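The structure presented is a predicted model; accordingly, all values stated were derived computationally and were not measured. In what follows, chains are A, B, ... by sequence order, proteins preceding strands, each numbered from 1.
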Amino acid sequence: MAQMQSELHVGQLVADAINAFLSAAALHLGMGSQEGETREGNATEAWLAIMGASALVSELSPHMAEPMRLYFGKALDEVLQAFAARYPDEVVPLPGLLSDPA
Amino acid sequence: MSQANQSLPFSVSELTLTILEGFLTAASMHMGEASPEGVRLEKPEPMQAWLALKSAGALLDQLAPIMNADLRVPLHARLTYLFETFEAKVPQTASENRTPPVSSLHGVVEEAWKEMQVSAQLDPAPSRAPVPQAPSLPGTGLPQRGSGLLFPPRGR
């Protein structure tokens with residue numbers, strides 16, 4: 001018999017996912033995080049994380065409460081600007097970049 | 001801070017796939033199906049399923065062009081199956097709420113860079129006080145009044 005779960009908030013899942021993408025981008029841009037800090041940036045990984053965050057923010061911002069929309073919009077802009085400042089000549093990654101890590 | 005100043009191995013691809021899997025599982029659970037672990041929701045909510053499908057669709061739409069086919073095809077197939085299941089269960093879903101067609105990632109990136117360059121030319125002074133703005137990426141469109149479906153992250 002299946003185990004029952006009382007609730008599952010997709011809104012919180014979305015917020016956590018965007019935050020995770022933004023944190024990953026910041027980490028791969030060499031910016032600090034709460035857990036630690038990396039000095040070695042990775043443009044491709046940062047770019048992929050920014051694309052993930054922007055996809056969710058772009059698609060879901062019309063359905064977000066205003067404080068959340070403003071917060072994520074500002075955070076995404078900051079990460080994008082940091083990317084442009086750190087990797088001004090970076091090219092778009094090629095198809096096949098995203099593959100099964102397993 | 002024991003790991004400060006160290007390079008942390010962190011795969012965004014793995015993060016992306018985990019998040020996609022989470023959205024697809026959440027969608028199926030909010031349509032009354034059990035999770036892979038055999039967990040069911042006591043009160044499935046169609047709106048939550050729609051939100052999860054829309055989120056998965058947004059990620060796939062954006063990232064499918066750079067996915068390997070062996071990854072992209074099963075994910076698309078699963079999303080399509082869930083979406084058709086959703087429409088069958090909730091037939092009054094408006095067509096404008098459906099996931100968008102796959103767009104060109106290349107065009108999205110080019111537009112983003114153009115916008116960033118124009119912004120930099122229009123506002124070269126970095127010391128100006130920051131003003132909260134809506135996302136400037138293409139596809140966002142003009143900011144609309146929020147429906148309140150999503151809520152602010154906890155603790156903010």
Scan for salt bridge (Lys or Arg N to Asp or Glu O under 4.0 Å) pairs involving residues 16-30 of chain B, sequence neighbours excluded, and state none if there are none. E21(B)-R78(B)
Roughly how far, to the nearest 0.5 Å, is CD of Q12(A) from CD of Q48(B)? 11.0 Å
Provide the closest heavy-atom pair for S55(B) versus L60(A) in the form atom of the first, atom of the second, distance. OG-CD1, 3.3 Å
If we only count heavy atoms from C-beta on, is the T16(B) to F21(A) side-chain gap below 4.5 Å? yes
Which residues share a side-chain hydrogen bond (donor to acceptor under 3.5 Å, both in side chains) with S35(B), sequence neighbours left out: E37(B)
Looking only at non-hydrogen atoms, find the nearest pair between V12(B) and H28(A) and report the distance. CG2-CD2, 3.7 Å
Nearest heavy-atom neighbours spanning V10(A) and A26(B): CG2-CB, 4.1 Å
Are M47(B) and M64(A) linked, directly or through intermediate hydrophobic residues, by side-chain heavy-atom contacts shorter than 4.5 Å (ILVMFWY only)? yes
Counting C-beta onward and ignoring hydrogens, is there a side-chain heavy-atom pair between H63(A) and K54(B) closer than 4.5 Å? yes
Using the side-chain contact (heavy atoms from CB on, under 4.5 Å) rule, take V14(A) and F23(B) through it: C-alpha gap first, then chi angles, then the decisive distance, then the call. CA-CA 8 Å; V14(A) 171; F23(B) 283 136; 3.7 Å; yes
Grab the two heavy atoms, one from I19(B) and one from A20(A), that are nearest each other, plus how far apart they are. CD1-CB, 4.5 Å
Smallest separation among heavy atoms of L51(B) and G11(A), with atom names: CD2-N, 3.9 Å
Find out whether L48(A) and L15(B) are in side-chain contact, i.e. whether some heavy atom of one side chain is under 4.5 Å from a heavy atom of the other. no
Quick one: are M51(A) and L63(B) in side-chain contact, heavy atoms under 4.5 Å? yes
Locate the shortest heavy-atom distance separating S54(A) from Q62(B); write the atom from each residue and the value. OG-NE2, 3.1 Å
Using the rule that two of Ile, Leu, Val, Met, Phe, Trp, Tyr join whenever any of their side-chain heavy atoms come within less than 4.5 Å, decide whether V73(B) and L79(B) are in one cluster. no
